[in-house]
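Remarks on the structure that follows.
Below, each value reflects all heavy atoms present in this structure, side chains not excepted, and no hydrogens, waters or symmetry copies.
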Amino acid sequence: MARLAQTAGLTDIQQEILSTVRDFVDKEIIPVATELEHRDEYPQQIVDGLKELGLFGLMIPEEYGGLGESLLTYALCVEEIARGWMSVSGIINTHFIVAYMLKQHGTQEQKDHFLPRMAAGDIRGAFSMSEPALGSDVSAITSRAVKDGEEYVLNGQKMWLTNGGTSSLVAVLVRSDEGHPEGTAPHKSMTTFLVEKEPGFGEVRPGLTIPGKIDKMGYKGVDTTELIMDGLRVPADRVLGGVTGRGFYQMMDGVEVGRVNVAARGCGVAQRAFELGVQYAQQRHTFGKQIAQHQAIQFKLAEMATKVEAAHAMMVNAARKKDSGERNDLEAGMAKYLASEYCKEVVEDAFRIHGGYGFSKEYEIERLYREAPMLLIGEGTAEIQKMIIGRRLLEEYRFQG
């Protein structure tokens, strides 16, 4: 069967990787995803399979034991995994944001220490920006680091930490006033710390507590947690890049990768919703014929497929722009915004095609209907993306009058 969202110009290696991932999704994820999701069960067997495939090292350079692949390859793999179960793509997303930040901004010692074990999947990464009263206003961070000899003491509460329990390395953004006098712009007085911990819940190292999983409407299976720092001591050599005050820029660089990832997840979920909708439309009969033969349903299918294609194209463009070394915040913002909005619409149309059965937990579309809303807020809301897009457009199209 012809597939939507094909990508031109891929190498033989990229096509082989994607084919392997697609087969894994079809055989190992889709058959068990809904059952595991309903139990809110961490998909350990699936994660072990991804580790065996080498996906935890997909974008990590070969010199550190990874595959050294591009952001485009990674995004296309995420698209396939999200087509199977979006929560699984979340497990590898935060890992790769941390690995990317280490690769781009870490000291040589930090790269040598962490990246080989991250490539093997022995260290799982998570990153933490948000706080309970923060929302999208990163400049309002109140968590703080204070220098004490050769260590920093961290205090504060972080929120919405994906992989909070299962991770063993967390990149944490906090305010650090050392060397930044009062009145310094907030984004210039933030530092990213590389915090190592034991997987699990409770006090996972002295001064660091992961209270437990947050109960969510969707996006189940993957653990989303708080992170509480109370006198957490971190060595000075665990400041990302070795210099304080650069954390905001490091995190924003990582978030651009994350936004491409969220766009890819939206594309994958939308593709699965389309598959379910077009399949059900050919199985269900009303008024003596398949509902797929009714013009109203054909219109829906046409709109759904067009949205899948458009979102995929924008996601691919954003990934390729980042891979080229160019600034891609405009393209990543557009791709994340469009893909997440279109995903919601395609899922809802597939839900409508299913009629009353879409409301039943026996049908997969019910799970997708609860998962899609997370993409509207993850890695920045639609409103934040539009602010980024608008500001960048004004930079590019500045009126010279």
Side-chain angles (χ1 to χ4, degrees), residues 9-21 24 47-78 80-81 89 91-127 163 166-172 191-197 199 234-243 246-247 249-261 264 318-328 332:
L10 297 181
T11 66
D12 290 343
I13 292 176
Q14 287 175 312
Q15 291 175 352
E16 184 177 344
I17 291 172
L18 285 175
S19 178
T20 300
V21 172
F24 182 83
V47 172
D48 291 342
L50 295 176
K51 179 179 176 180
E52 189 175 331
L53 290 176
L55 284 191
F56 283 99
L58 188 63
M59 277 181 65
I60 295 174
E62 293 182 32
E63 64 190 282
Y64 299 107
L67 298 178
E69 273 295 330
S70 64
L71 177 59
L72 175 62
T73 307
Y74 167 62
L76 294 175
C77 288
V78 166
E80 289 293 340
I81 292 169
S89 64
I91 291 170
I92 62 173
N93 175 44
T94 53
H95 176 84
F96 268 107
I97 289 178
V98 177
Y100 174 83
M101 290 168 62
L102 273 162
K103 181 184 74 170
Q104 295 297 107
H105 306 287
T107 65
Q108 192 59 53
E109 184 275 333
Q110 290 168 350
K111 295 176 186 179
D112 293 340
H113 182 74
F114 290 114
L115 287 180
R117 289 185 290 162
M118 293 187 79
D122 296 331
I123 287 181
R124 306 279 172 80
F127 79 107
N163 288 339
T166 50
S167 60
S168 46
L169 175 65
V170 185
V172 183
T191 299
T192 301
F193 286 86
L194 301 170
V195 178
E196 297 169 85
K197 71 175 187 66
V234 181
D237 63 4
R238 289 299 176 256
V239 171
L240 180 61
V243 180
R246 298 180 180 176
Y249 304 102
Q250 295 163 345
M251 279 281 181
M252 290 304 105
D253 191 22
V255 165
E256 284 183 14
V257 172
R259 284 178 179 148
V260 173
N261 170 285
R320 283 181 162 150
K321 193 76 177 286
K322 187 76 170 178
D323 282 333
S324 72
E326 297 180 67
R327 181 178 177 179
N328 89 323

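Taking the side chain as every heavy atom from C-beta outward, I97 and N261 never approach each other to under 4.5 Å. Between L76 and L10 there is a side-chain heavy-atom pair separated by less than 4.5 Å. Contact annotation: the side chain of D253 never approaches that of M101 to less than 4.5 Å [non-hydrogen atoms, C-beta and beyond]. Side-chain contact between Y64 and D112 is present, with heavy atoms from C-beta onward closer than 4.5 Å. Inter-residue side-chain proximity for T166 and I91 is flagged as unmet; no heavy-atom pair is nearer than 4.5 Å. Residues Y74 and V260 fail the side-chain proximity criterion, which asks for heavy atoms closer than 4.5 Å. For the pair T94/V98, no side-chain contact is recorded, criterion being any heavy-atom separation below 4.5 Å from C-beta on.
Residue pairs meeting the ring pair (Phe, Tyr, Trp, His ring centres under 6.0 Å) criterion with at least one member in residues 104-126: none, sequence neighbours excluded.
Put simply, the side chain of D122 never gets that close to the backbone of R117: no donor and acceptor are under 3.5 Å apart. S167 places no side-chain N or O within 3.5 Å of a backbone atom of G125 that could act as its donor or acceptor partner. Between the S19 side chain and the Q15 main chain, no donor and acceptor come within less than 3.5 Å of each other. In terms of modelled atom types and a separation under 3.5 Å, the side chain of Q250 and the main chain of L240 share a donor-acceptor contact. The main-chain N or O of D237 is found under 3.5 Å from a side-chain atom of Q110 such that the two form a donor-acceptor pair.
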Evaluate side chain to side chain contact (heavy atoms under 4.5 Å, CB included) for L115 paired with E63, printing each intermediate quantity in order. CA-CA 9 Å; L115 287 180; E63 64 190 282; over 6 Å; no
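Remark: N328 CG to D323 CG distance equals 9.0 Å, nearest 0.5 Å. Rounding to the nearest 0.5 angstrom, the gap separating the CG atom in N163 from the CZ atom in F127 is 10.5 Å. With values rounded to the nearest 0.5 angstrom, F96 atom CZ is found 6.0 Å from I60 atom CD1. Atom CG of L102 sits about 10.0 Å away from atom OG1 of T192, to the nearest 0.5 Å. For the atom pair OH of Y100 and CE of M118, the computed distance is 14.0 Å after rounding to the nearest 0.5 Å. Atom NZ of K321 and atom CG of L72 lie 14.5 Å apart (nearest 0.5 Å).
Counting all heavy atoms, side chain and backbone alike, A120 lies closest to K51 at O-CE, 3.2 Å. Closest of all the heavy-atom pairs between E256 and A332 is O-CB, 4.1 Å. The two residues V78 and A264 make their nearest non-hydrogen contact at CG1-CB, 3.9 Å. The two atoms that bring R238 and V234 nearest to each other are CB-CG1, 3.6 Å, heavy atoms only. Closest approach of L18 and C77 over heavy atoms only: CD2-N, 3.7 Å. Of all the heavy atoms in L194 and A171, the pair that sits closest is CD2-CB, 4.4 Å.
Residue-environment remark: CD (E16) stays at or below the threshold of 12 foreign heavy atoms within 6.0 Å.
Ring planes of F56 and H95: perpendicular class, angle over 60° (limits at 30 and 60°).
R320 and E326 are not joined by a salt bridge, as no carboxylate oxygen comes within less than 4.0 angstrom of a charged side-chain nitrogen.
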